[in-house]
Chemist: 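My questions will all concern the structure given below.
Only heavy atoms go into these numbers, but all of them, side chains included; no hydrogens, no water, no symmetry mates.
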Amino acid sequence: MAEEVQSAHAISMHGDPALPADFTYLPYANPDAPKGGVLTLGVQGTFDSLNSFIVQGGWTSARGMKERQFGNNIFESLLTRSYAEPFTLYAHLAESVRMPKSREWIEFTLNPNAKFSDGSPVTVEDVAFSFDIIRDKGRPPYRNWYGKIIRKEYPSERTIRLVFENGDNRELPLLIALAPILSKSNTDSENFEKSTLKPPIGSGPYVFDEIDPGKRVVYKKNPNYWGKDLPVKAGFDNFDEIRVEYFRDETTLQESFKKGLIDVLQFRDPARWTTGFDFPAAKDGRVTQEEFALGIPSNMQGIAFNTRREVFSDVRVRRALAELFDFEWVNRNIYYGLYKRTAGYWDNSILSSIGRAADDRELALLADFPDAVEPDVLDGSWRPAEADGSGRDRKILRSALGKFKQAGYDLKDGKMVNSASGEALAFEILTKNEDEEKLALAYIRTLTLLGIDVSVRTVDPSQFEDRRIKREYDMVFNTWSASLSPGGEQYGRWSSASADATGSFNIVGAKDPAIDFLIDAMVGARSKEDFVAAVRAFDRVLISGAYAVPLYHVPNIWFARWDTVQPPEHHSLYGDEFDTWWSTSTAQN
């Protein structure tokens with residue numbers, strides 16, 4: 001008997017959606033938030049494109065078109081994510097969704113009121129076009145996901161069904177539901193893969209008002225926005241104008257915030273967070289510091305090894321270099337002791353392998369890869385090396401030297417050299433700002449004690465992105481964002497197929513059958529227990545592969561804001577959603 005698939009207002013990766021069909025707002029929004037005013041945000045970097053879905057310019061596109069923190073201002077998707085849950089999607093451009101338990105297809109019925117900013121309706125033709133153009137001309141991982149649609153069906157005028165080869169990738173239907181929907185009639189199909197500064201037409205609550213390449217982008221509220229009364233939009237999109245200002249370096253950005261040119265700013269440097277508020281507005285209360293608790297795993301910040309380079313092809317070399325990062329010295333002398341050491345890729349969550357021995361489910365997953373995980377990582381006893389904080393801990397130096405010797409290196413005349421070739425161990429760390437440069441120099445202090453020749457190259461943001469895309473680096477700072485529902489995005493970060501794909505996020509160049517297998521297991525998991533086991537096993541393989549020098553994290557997000565803007569009382573699991581903030585000047589009027 002065929003399965004009867006009911007229409008629903010929401011779908012979830014695991015379990016059921018938390019909110020009923022008649023919900024009126026998302027739990028981290030204030031439905032009574034006042035409307036009006038201006039929000040000015042600042043970022044360190046640059047932009048030279050308005051298309052974030054392609055290789056050319058995708059890494060340096062303008063912020064805020066479609067992203068979690070800055071909001072989906074221009075582009076929207078069929079369903080929208082609630083960041084109060086691990087991975088649940090609610091009706092948006094689509095008024096309802098159908099998906100069988102097998103997840104071999106997903107069907108969307110469009111909201112009849114959905115319109116693009118030019119007033120034209122959002123149609124199933126636009127939906128089909130969006131998947132096709134990004135599949136054919138987009139960058140990974142988008143084109144990989146949309147390429148898995150083998151057939152499109154049209155049960156009715158406003159309904160589109162997307163059929164997959166099978167339901168093995170349990171996350172795929174949800175990723176499909178989050179695809180940006182483009183206007184077919186307003187998109188240049190022939191030149192889609194080329195970087196452009198022509199404002200795109202979307203269905204979102206804002207339109208472009210000003211574009212100053214590399215300096216500023218201004219979004220203006222669309223007074224005719226079709227979705228303003230949807231429950232998923234209650235308390236969202238409260239400002240009449242959103243300005244995103246770009247700054248070449250972090251210091252200039254910080255100073256601009258102090259002058260009131262930026263309304264709210266996230267802080268990542270404990271030194272700036274601890275000592276950077278000795279200015280009049282902070283003293284008299286116009287500027288306040290706030291901490292948002294995170295309900296998600298800590299991001300993995302690290303200095304990534306480019307394993308495509310011969311110097312980093314041996315995992316023993318990478319392990320030795322990672323061991324030489326003296327976190328205790330750095331944390332005490334640079335960061336006021338406020339950081340905690342990062343160990344794995346899902347720290348502080350149920351998904352982390354740290355401190356947990358592999359259970360039977362994990363062991364079964366790893367059975368065909370006996371050498372993929374180090375014994376101490378498997379039994380949960382592994383931790384990053386803990387130095388005495390002197391910057392020259394002899395036990396750490398001896399341990400690292402032992403690993404170098406196992407890899408064929410030795411100290412000769414004060415230089416670490418390859419015993420067979422006689423070549424010195426030398427490489428470059430690429431940085432994009434003074435904070436990264438400062439940390440790299442602190443790391444080098446210890447490396448030089450073992451005769452390792454390391455240089456630091458600091459470049460401007462545009463050069464940095466260009467070199468990162470072209471893989472022209474030895475080591476580079478990177479952050480692997482974490483969530484409670486990792487899945488298909490891991491293909492773009494870690495799979496063998498993505499290692500040499502232009503524009504992919506596989507920064508380290510990982511090529512490992514165990515990684516490929518475990519990503520498949522993760523996205524194909526049908527129960528929460530199988531999913532958790534797959535992520536933990538994956539965590540163990542990444543840790544054992546020593547693809548980066550793990551750095552540190554803080555348990556909370558640090559923000560400072562002027563009293564011109566106000567966040568809601570309740571925050572999402574991710575802590576910060578600027579599209580739920582509002583202007584205090586409008587609240588007082």
Chemist: Over 60° means perpendicular and under 30° means parallel, so tell me whether Tyr206 and Tyr219 are parallel, tilted or perpendicular.
Modeler: perpendicular

Chemist: If you measure from OG1 on Thr431 to CD1 on Ile303, what distance do you get to the nearest 0.5 Å?
Modeler: 10.0 Å

Chemist: Judged by atom type as modelled, is there a donor-acceptor pair below 3.5 Å linking the side chain of Thr479 to the main-chain atoms of Ser481?
Modeler: no

Chemist: Applying the ring-ring contact (aromatic ring centres under 6.0 Å, His included) criterion to Tyr335, which one of Trp329, Tyr552, Trp273, Phe327 satisfies it?
Modeler: Tyr552

Chemist: Check the orientation of Phe279 and Trp562. Use parallel for under 30°, tilted for 30 to 60°, and perpendicular for over 60°.
Modeler: tilted

Chemist: Ignoring hydrogens and angles, state whether a donor on the side chain of Ser585 or Ser583 is under 3.5 Å from an acceptor on the partner side chain.
Modeler: yes

Chemist: Under 3.5 Å, is there a donor-acceptor pair between the side chain of Glu328 and the main chain of Ala387?
Modeler: yes

Chemist: List for me each residue that meets side chain to side chain contact (heavy atoms under 4.5 Å, CB included) alongside Lys415, sequence neighbours excluded, and say none if there are none.
Modeler: Val417

Chemist: Within the distance-only criterion (no hydrogens, no angle test), does the side chain of Arg63 pair as donor or acceptor with the backbone N or O of Phe47 below 3.5 angstrom?
Modeler: no

Chemist: Are more than 12 heavy atoms from other residues, nucleotides or ligands located less than 6.0 Å from atom CZ of Arg272?
Modeler: yes

Chemist: Minimum heavy-atom separation for Lys432 and Gln44, please, with both atom names.
Modeler: O-NE2, 3.7 Å

Chemist: Is it true that Asn51 and Ser49 share a donor-acceptor pair across their side chains at a distance under 3.5 Å?
Modeler: no

Chemist: Between the side chains of Glu434 and Thr251, is a donor N or O closer than 3.5 angstrom to an acceptor N or O?
Modeler: yes

Chemist: Look only at the side chain of Asp474 and the backbone of Glu428, and say whether a donor-acceptor pair between them is shorter than 3.5 Å.
Modeler: yes

Chemist: Above 12 or not: heavy atoms from other molecules or residues under 6.0 Å from NZ of Lys215?
Modeler: no

Chemist: To the nearest 0.5 angstrom, please state how far the OG1 atom of Thr580 sits from the CD atom of Glu569.
Modeler: 12.5 Å

Chemist: Given 3.5 Å as the limit, does a donor-acceptor pair link the side chain of Arg383 with the main chain of Gly380, or not?
Modeler: yes

Chemist: Is it true that, when you exclude Lys258 itself, more than 12 heavy atoms of the residues, nucleotides or ligands shown sit nearer than 6.0 Å to its NZ?
Modeler: yes

Chemist: With distance as the sole test, does Arg248 use its side chain to make a donor-acceptor pair with the main-chain N or O of Thr46 at under 3.5 Å?
Modeler: no

Chemist: So, the side chain of Glu489 versus the backbone of Gly487: is there a donor-acceptor pair under 3.5 Å, distance only?
Modeler: yes

Chemist: If we ignore hydrogens and angles and just use 3.5 Å, is the side chain of Arg398 paired with the main-chain N or O of Asp393 as donor and acceptor?
Modeler: no

Chemist: What distance separates Lys233 NZ from Tyr225 OH, expressed to the nearest 0.5 Å?
Modeler: 4.0 Å

Chemist: Is it true that a side-chain atom of Asp249 and a backbone atom of Asn433 form a donor plus acceptor pair closer than 3.5 Å?
Modeler: no

Chemist: Does atom OH of Tyr25 have more than 12 heavy-atom neighbours, drawn from other residues, nucleotides or ligands, at distances under 6.0 Å?
Modeler: no

Chemist: Tell me yes or no: between the side chains of Asn72 and His92, is some donor less than 3.5 Å from an acceptor?
Modeler: no

Chemist: Run the side chain to side chain donor-acceptor pair (under 3.5 Å) check on Lys395 and Ser399 step by step: do they pass?
Modeler: CA-CA 6 Å; Lys395 72 176 185 301; Ser399 176; over 6 Å; no

Chemist: Between Asp376 (side chain) and Ser381 (backbone), is there a donor-acceptor pair under 3.5 Å?
Modeler: no

Chemist: Give a yes or no on whether Lys438 atom NZ has more than 12 heavy-atom contacts from other residues, nucleotides or ligands under 6.0 Å away.
Modeler: yes

Chemist: Step by step, work out the side-chain contact (heavy atoms from CB on, under 4.5 Å) result for Ile396 and Thr446.
Modeler: CA-CA 10 Å; Ile396 297 295; Thr446 306; 6.0 Å; no

Chemist: Can you tell me how the ring of Tyr83 sits relative to the ring of Tyr574, calling it parallel under 30°, perpendicular over 60° and tilted otherwise?
Modeler: perpendicular

Chemist: Mind listing the closest non-hydrogen atom pair of Phe75 and Pro180 along with its distance?
Modeler: CB-CB, 4.2 Å

Chemist: Considering the options Asn30, Asp32, Asp237, which one meets the side chain to side chain contact (heavy atoms under 4.5 Å, CB included) requirement together with Trp582?
Modeler: Asn30

Chemist: Please check if atom CZ in Arg332 has more than 12 non-hydrogen atoms from other residues, nucleotides or ligands closer than 6.0 Å.
Modeler: yes

Chemist: Is Arg468 close enough and on-axis enough to Tyr473, meaning under 6.0 Å and within 45°, for cation-pi?
Modeler: no

Chemist: Using the side-chain contact (heavy atoms from CB on, under 4.5 Å) rule, take Arg493 and Asn506 through it: C-alpha gap first, then chi angles, then the decisive distance, then the call.
Modeler: CA-CA 4 Å; Arg493 297 180 185 183; Asn506 193 337; 5.9 Å; no

